[in-house]
Amino acid sequence: MEPTPQELLADLYGYDQDAHFDTTQLTEGLAQRIPPAQLDKFLAAVKATGDPAVDLETARALLDGTR
């Protein structure tokens, strides 16, 4: 069974609640793992936060909003 985008995101962050990833790191970690249209929406949502990098909780919430 394929991992969900949420599981992929958690694996990318290593479940580290203090880690912050920027859009380059998120792109590299997820590019071949989630649909391109969803990735584009997700990265746009990350950029729209105005933060250079987001934590796991924020990334999960943004990813949920891109389905």
Side-chain angles (χ1 to χ4, degrees):
M1 178 182 229
E2 287 273 328
T4 67
Q6 288 288 355
E7 291 170 329
L8 293 171
L9 193 59
D11 285 344
L12 179 64
Y13 275 81
Y15 296 89
D16 183 350
Q17 297 297 321
D18 295 324
H20 286 68
F21 279 28
D22 63 24
T23 55
T24 301
Q25 293 167 307
L26 292 168
T27 301
E28 290 172 357
L30 300 173
Q32 301 300 318
R33 317 256 343 242
I34 66 174
Q38 184 179 17
L39 181 60
D40 290 345
K41 287 180 187 177
F42 172 61
L43 294 174
V46 169
K47 289 177 185 175
T49 67
D51 290 331
V54 294
D55 60 19
L56 178 57
E57 183 178 336
T58 301
R60 283 182 171 161
L62 294 172
L63 187 61
D64 281 343
T66 63
R67 291 186 195 184

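Residue indices begin at 1 and follow the sequence shown. The basis for the numbers below is simple: all heavy atoms, side chains too, and nothing from hydrogens, waters or symmetry mates.
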**Complete:** Here the pair of heavy atoms bringing T23 nearest to K47 is CG2-CG, 3.8 Å
**Request:** Let me know which of L56, I34, T4, L62 forms a side chain to side chain contact (heavy atoms under 4.5 Å, CB included) with L9.
**Result:** L56
**Spacing of CG belonging to L43 relative to CG belonging to L26, to within rounding of 0.5 Å** = 6.5 Å
**Request:** Check L63 against Q38 and note the closest heavy-atom contact, atom names and distance.
**Result:** CD1-NE2, 3.7 Å
**Item:** Shortest non-hydrogen contact from A59 toward Y13
**Value:** CB-OH, 3.7 Å
**Asked** Taking all atoms of both residues into account, what is the closest heavy-atom pair of L12 and G29, and its distance?
**Response** CD1-CA, 3.7 Å
**Asked** L8 versus P3: any side-chain heavy-atom pair under 4.5 Å?
**Response** yes
**Asked** Taking D51 for the side chain and V54 for the main chain, is one N or O donor matched with an acceptor at less than 3.5 Å?
**Response** no
**Message:** For Q25, is there any backbone N or O sitting under 3.5 Å from a side-chain donor or acceptor partner on E28?
**Reply:** no
**Request:** Please report the C-alpha distance between D64 and Q6 in whole Å, then the side-chain angles of each, then the deciding distance to 0.1 Å, and finally whether the side chain to side chain contact (heavy atoms under 4.5 Å, CB included) criterion is met.
**Result:** CA-CA 8 Å; D64 281 343; Q6 288 288 355; 2.4 Å; yes
